[in-house]
Amino acid sequence: MQNHETNVLKQEWMDNLHLFTGEMEYPQEAAESLTQSLEQVFQCPEVLHILISADRAYSENIHMDYKKVLEELKDISPRCGVHTYTLHMLFFIILSRKTRKIYEERGIAPEIFRASMMDLHWKLLECRKMFGIWGTSVADWQIWWFEVKRFALGRFQYELVPFEETYEKNGVTLHPGDLVINVHIPSCGRLVREEYMRSYAMAADFFRDAFTDRPIVFLCESWMLFPEHKLFLPKTSNILGFMQDYDIYKEEYNNGDLWRIFYEDYEKPAAELPGDTGLQRAYRSWLMEGHQAGLGFGIFIYKQVTVQTS
C-alpha cells in the first residue's frame, strides 16, 4: 500500500474510532488509549496487514473467519507492543463501519445499532476491571454482534437459537431444534422490572416472525437464575424479581461466574472477598458457609404484559 493510501486509510479508521468511542460513551482515558494503540498499529506493518485484510474480508462476507483473525492478532501482539485485548477491540471497532451500513440496509433502527454496539462498552469496562487493560477479553463473544445475529433491545440482549432439549410444562412443549429467544443480561446497571419487561416486549416484536403459530419462548442460562438465591439474597433483591418469570428446569453448581460479582478478586478465599455491595456481601456470606455458587437454565413463556410507567 502506498503512503497516500495508508494515510487515507489511517484517517478513515481514526475518524471512525473517534465517532465510535464518542457514540458508545467510552471513558476519555479509554478513547485516548485506543487512539494511541491505533497509531502504533500503523507503525507495525504485520498488524496493519492483518487488519486491512480482515476489513476487506468482512466487507465481502460478514461470516468471515473471525477466530483466525483473532488468533493472528494474539500471536503478533507481543511484537507490536499493543495488548491482545486492545487489538481485538480495535478490530471490532474497525468492522463497525460496515456493520452500521448493514443495519441501515436491513432497515434496523439506528438506536438498535447503538444499543447493540454498546456491548463493546460494557466489555471494555469489564476488561479494565479484570485486567487493567482497555480492550475486550471475550472476543469470541463479540462475533455474533458482527454477524448481525445478536441484538440489544432495551435492557437485555437477544438472539434466536435452537432449543437443545425437550421441555413440557403448562401446555407448552419444546423439542430439540425449536427456535427460542436466548436472553443475555449485560453488566450495565440495576435490574428494573419496568425496563426489562419493555425489553421483552421489544424482543417479542422483533422476532415475531419466528413464532407465528406458537407461543413466544425466552431461554436464559445465567448465574442470575441460580435457584439458591432464594436462600441467601434479601427478599427485596431485583435478581429475585427477575427470576420470578422463569421456570428453572435445570441448575449447575460451580464458581465459574463469581468474576461477574467480584471481578479481579473472585479467586480469593471467601473471607477475603470484597463486600462493597449488598450482592457481594450476600455471596461472601454464602460462600463462607461452605456453599457453592452456580447457575440456572430457565424458560419464560411470554405473554403480552402491559407495563405501568410512572
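Side-chain contact of Q28 with E32: a donor-acceptor pair under 3.5 Å is present, judged by distance alone. In this model, a donor atom of one side chain and an acceptor atom of the other lie less than 3.5 Å apart for Q11 and D15. Remark: the D119 side chain and the Q157 side chain contain an N/O donor-acceptor pair separated by less than 3.5 Å.
Under the 30°/60° scheme for interplanar angles, the aromatic rings of H121 and Y26 are found to stand perpendicular. The aromatic rings of Y302 and F300 sit perpendicular to each other, their planes meeting at more than 60°, with 30° as the lower class boundary. Taking the six-membered ring where the residue is Trp, Y158 and F218 present tilted rings, their angle falling between 30° and 60°. Note: F262 and Y283 have perpendicular aromatic rings, judged against thresholds of 30 and 60 degrees for the angle between ring planes.
Counting non-hydrogen atoms of other residues, nucleotides and ligands closer than 6.0 Å to NE2 of H49 gives a total of 12 or fewer. With a 6.0 Å radius and a threshold of 12 heavy atoms from other residues, nucleotides or ligands, E164 has its CD atom at or below the threshold. With a 6.0 Å radius and a threshold of 12 heavy atoms from other residues, nucleotides or ligands, K149 has its NZ atom above the threshold. Surrounding NZ of K68 are at most 12 heavy atoms belonging to other residues, nucleotides or ligands under 6.0 Å away. N61 CG: more than 12 foreign heavy atoms inside a 6.0 Å radius.
Judged by the 6.0 Å and 45° rule, R150 forms a cation-pi pair with W141. For the pair K98 and Y58, the cation-pi test (distance below 6.0 Å, angle within 45°) is failed.
Counting only distance, with no hydrogens or angles, the side chain of T86 and the backbone of V82 share no donor-acceptor pair below 3.5 Å. A donor-acceptor pair is defined here as one N or O able to donate and one able to accept, closer than 3.5 Å; no such pair exists between the side chain of N16 and the backbone of E12. Checked by atom type and distance alone, the side chain of R114 pairs as donor or acceptor with a backbone atom of E23 at under 3.5 Å. Using modelled atom types, one side-chain atom of N255 and one backbone atom of A293 make a donor-acceptor pair closer than 3.5 Å. In this structure, the side chain of S199 does not engage the main chain of E195 through any donor-acceptor pair within 3.5 Å. When atom types are taken as modelled, the side chain of S37 and the backbone of S33 share a donor-acceptor pair closer than 3.5 angstrom. A donor-acceptor contact shorter than 3.5 Å is absent between the side chain of S77 and the backbone of L73. Under the 3.5 Å distance criterion, the side-chain polar atoms of E165 are left unmatched by any main-chain donor or acceptor of H175. No donor-acceptor pair closer than 3.5 Å links the side chain of W134 to the backbone N or O of L34.
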**Request:** Start with the C-alpha gap between M24 and L120, add the side-chain angles, then the distance that decides, and say whether side chain to side chain contact (heavy atoms under 4.5 Å, CB included) holds.
**Result:** CA-CA 8 Å; M24 306 310 157; L120 284 168; over 6 Å; no

**Item:** Y167 and D247: CA distance, side-chain angles, deciding distance, side-chain hydrogen bond (donor to acceptor under 3.5 Å, both in side chains) verdict
**Value:** CA-CA 11 Å; Y167 173 92; D247 173 35; 2.6 Å; yes

**side chain to side chain contact (heavy atoms under 4.5 Å, CB included) evaluation trace for I239 with L279** = CA-CA 10 Å; I239 292 176; L279 181 63; 3.9 Å; yes

**Message:** Determine whether T99 and M117 satisfy the following criterion, side chain to side chain contact (heavy atoms under 4.5 Å, CB included), listing intermediate values before the conclusion.
**Reply:** CA-CA 9 Å; T99 317; M117 292 295 104; 4.2 Å; yes

**Item:** CA sep, side-chain torsions, deciding dist, call: K101, R97, side chain to side chain contact (heavy atoms under 4.5 Å, CB included)
**Value:** CA-CA 7 Å; K101 291 179 181 177; R97 294 158 24 260; 5.8 Å; no

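F297 and Y246 have their aromatic ring centers separated by at least 6.0 angstrom. F146 and Y66 have their aromatic ring centers separated by at least 6.0 angstrom. Ring pair F156/Y196: centre-to-centre distance below 6.0 Å. Side-chain rings of H229 and F226 approach one another, their centers coming within less than 6.0 Å. Residues F42 and W13 bring their aromatic ring centres within 6.0 Å.
Residues R79 and E46 are paired through a salt bridge, judged by an N-O separation under 4.0 Å between the basic side chain and the carboxylate. Taking a cutoff of 4.0 Å between a charged side-chain nitrogen and a carboxylate oxygen, R100 and E105 do not qualify as a salt bridge. Between K303 and D245 there is no salt bridge, since no side-chain N of the basic residue sits under 4.0 Å from a carboxylate O of the acidic one. We find that K67 and E72 are not joined by a salt bridge, their nearest charged nitrogen and carboxylate oxygen being 4.0 Å or further apart. Taking 4.0 Å as the cut-off between side-chain N and carboxylate O, E29 and R128 count as a salt-bridged pair.
To the nearest 0.5 angstrom, I108 atom CD1 is 9.0 Å from I102 atom CD1. Atoms OH and NE2, on Y253 and H291 in that order, are 10.0 Å from each other to the nearest 0.5 Å. A distance of 11.5 Å separates CG in L258 from CG in D265, rounded to the nearest 0.5 Å. With rounding to the nearest 0.5 Å, the separation of CG in L90 from OG1 in T136 is 11.5 Å. Considering CG of L70 and CG of D75, their distance stands at 11.0 Å, rounded to 0.5 Å. To the nearest 0.5 Å, the span separating CG on L225 from OH on Y249 amounts to 10.0 Å.
Of all non-hydrogen atoms in L240 and K235, the two that sit nearest each other are CD1-CA, 4.0 Å. Shortest non-hydrogen contact noted between I112 and A152 is CG2-O, 3.8 Å. For the pair P227 and M243, the tightest heavy-atom approach, listed with the atom from each and the gap, is CA-CE, 4.0 Å. Between L179 and P162, the shortest heavy-atom distance links the atoms CD2-N, 4.0 Å. Considering all non-hydrogen atoms of both residues, Q40 and G81 come closest at NE2-O, 3.5 Å.
Among residues two or more places apart in sequence or in another chain, the side chain to side chain contact (heavy atoms under 4.5 Å, CB included) test is passed with E111 by A109. Residues that satisfy the side chain to side chain contact (heavy atoms under 4.5 Å, CB included) test with R260, not counting sequence neighbours, are W223, D257.
In this structure, I181 and V217 have side chains that are not in contact, with every pair of non-hydrogen atoms separated by 4.5 Å or more. Considering only heavy atoms from C-beta on, N182 stays 4.5 Å or farther from L160 through its side chain. For the pair L295/N254, a side-chain contact is recorded, criterion being any heavy-atom separation below 4.5 Å from C-beta on.
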Table please: side-chain donor-acceptor pairs of residues 183-192 below 3.5 Å, with sequence neighbours left out.
unit_1	atom_1	unit_2	atom_2	d
H184	NE2	E159	OE1	3.1
H184	NE2	E159	OE2	2.7
S187	OG	E126	OE2	2.6

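Checked options E147, M89, K123, H88; the residue passing with Q142 is K123 (criterion: side chain to side chain contact (heavy atoms under 4.5 Å, CB included)).
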